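These numbers were taken from a predicted model, which means no experiment stands behind them.
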Amino acid sequence: MQRYLQPQELERFGWSYFDTWIAHFAKRTSVLELRPEGGGYRMRDRFVRFYNLPELMAVLREVADIKTADMLDIPGLPAIQGGKAQIIPTEATPAQRAIMAEFILRADAIRAGRVKPEEDNMLKLTSEARMMAIDPRMILPTADGTGSKLNICIDEVYQVWADTAAASSTQLIFCDVGTPKAGRFNVYDEFKRVLLEKGVPESQIAFIHDAATEAQRQALFERTCKGEVRILLGSTNKLGTGVNVQDKVIAINHLDCPWRPSDITQRDGRGVRQGNENPEVMVSSLLLYWCCSPYGLLMR
């Protein structure tokens with residue numbers, strides 16, 4: 001940001017080059033970390049500490065005015081229950097462990113150059129790992145999904161749905177992968193199928209993807225605000241910024257983790273918002289971990 005907004009100041013202080021900027025404000029060191037696929041360790045250079053921050057902020061404030069949500073003290077804003085998101089850990093199932101073992105072999109082959117980029121690559125592998133972490137059936141439809149993040153989330157949502165029936169409270173479920181797709185296993189259709197089996201009326205479950213036009217979106221939002229739709233599933237792009245359905249939101253569930261921290265803020269902001277009749281909102285995130293690692297490998 002300073003490179004674009006304060007080039008003259010960077011030149012004046014001798015911080016024009018990134019290395020000189022780092023020398024003044026950050027400490028970088030080599031640390032041992034788990035590989036993304038969990039198959040061993042690697043050395044990586046990371047920033048471990050920042051210093052001289054008062055001096056840096058004094059310069060940055062010449063062009064930037066920084067205000068966080070905590071500083072604004074917005075009246076009528078519901079609190080997050082417990083003060084922060086609840087982390088729900090889920091242990092990797094046998095099916096997920098078997099698929100992950102294959103991912104480790106694929107990652108080694110990619111790094112060694114034994115496969116062509118158009119055949120397999122880390123981006124493809126990462127995308128599949130995100131899906132597998134939610135439910136192994138997204139990679140292998142015949143796998144056993146018992147105990148997966150998806151099924152645990154469904155149970156949590158159903159329990160809140162039953163507990164808040166008198167108030168017709170609403171829940172939002174965010175998931176950026178496994179969106180509705182005919183003819184193959186996906187998060188959204190499975191979510192609805194299991195909830196219907198548990199006794200949730202179909203009229204109370206909706207996908208943001210079903211609203212194709214702006215008129216349909218507004219109609220869906222109105223039904224959600226009235227408590228007619230009590231379980232609404234969507235992705236960050238479609239159910240995030242600009243969506244006003246906060247009136248009865250009692251819980252927000254993050255089934256996956258988006259790449260940008262700002263996306264989490266936007267997701268939470270659909271319920272932690274003025275106009276919500278509930279004084280507190282439950283926010284939960286589900287994480288998959290592997291007991292085989294001495295430190296526990298958290299998967300998205």
Taking the side chain as every heavy atom from C-beta outward, state whether [X] and [Y] have any pair of such atoms under 4.5 Å apart.
X      : Y      : answer
Thr29  : Val31  : yes
Gln6   : Leu60  : yes
Arg114 : Asp108 : yes
Leu10  : Tyr17  : no

What do you reckon, are the aromatic ring centroids of Tyr188 and Phe207 less than 6.0 Å apart? yes
Any chance the rings of Trp21 and Phe25 have centres within less than 6.0 Å?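 Judged by ring-centre distance (under 6.0 Å), Trp21 and Phe25 do meet the cut-off.
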Would you say [X]'s side chain and [Y]'s backbone share a donor-acceptor pair under 3.5 angstrom?
X      : Y      : answer
Gln96  : Met132 : yes
Lys149 : Asp135 : no
Asn278 : Glu280 : no
Arg270 : Gln266 : yes
Lys248 : Gly227 : no
Asp176 : Ser235 : no
Asn121 : Lys124 : yes
Arg230 : Thr164 : yes

First locate atom [atom1] of [X], then atom [atom2] of [Y], and finally report the distance between them rounded to the nearest 0.5 Å.
X      : Y      : atom1 : atom2 : answer
Leu195 : Gln204 : CG    : CD    : 10.5 Å
Trp161 : Ile250 : CH2   : CD1   : 15.5 Å
Met282 : Asn253 : CE    : CG    : 8.5 Å
Leu286 : Cys257 : CG    : SG    : 11.5 Å
Ile231 : Ile173 : CD1   : CD1   : 6.0 Å
Ile139 : Met100 : CD1   : CE    : 11.0 Å

Whether [Y] and [X] form a salt bridge (side-chain N of Lys/Arg under 4.0 Å from carboxylate O of Asp/Glu) is what I want to check.
X      : Y      : answer
Glu197 : Arg193 : yes
Arg106 : Asp120 : yes
Lys192 : Asp189 : no
Asp256 : Arg267 : yes
Glu91  : Arg97  : yes

Linking directly or through intermediates, with side-chain heavy atoms under 4.5 Å: list the remaining ILVMFWY members grouped with Ile208, chain and number order.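 Members besides Ile208, by chain and number: Leu72, Ile74, Leu77, Ile80, Leu172, Phe174, Leu220, Phe221, Val229, Leu232, Leu239, Val243, Val245, Val249, Ile252, Val272, Val281, Val283.
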Just checking Arg42: does its CZ atom have more than 12 heavy atoms from other residues, nucleotides or ligands closer to it than 6.0 angstrom? yes
Looking only at side-chain N and O atoms, does Asp163 offer a donor or acceptor that is under 3.5 Å from a partner on Gln159?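 Yes, because at least one side-chain N or O of Gln159 sits under 3.5 Å from a partner of the opposite role on Asp163.
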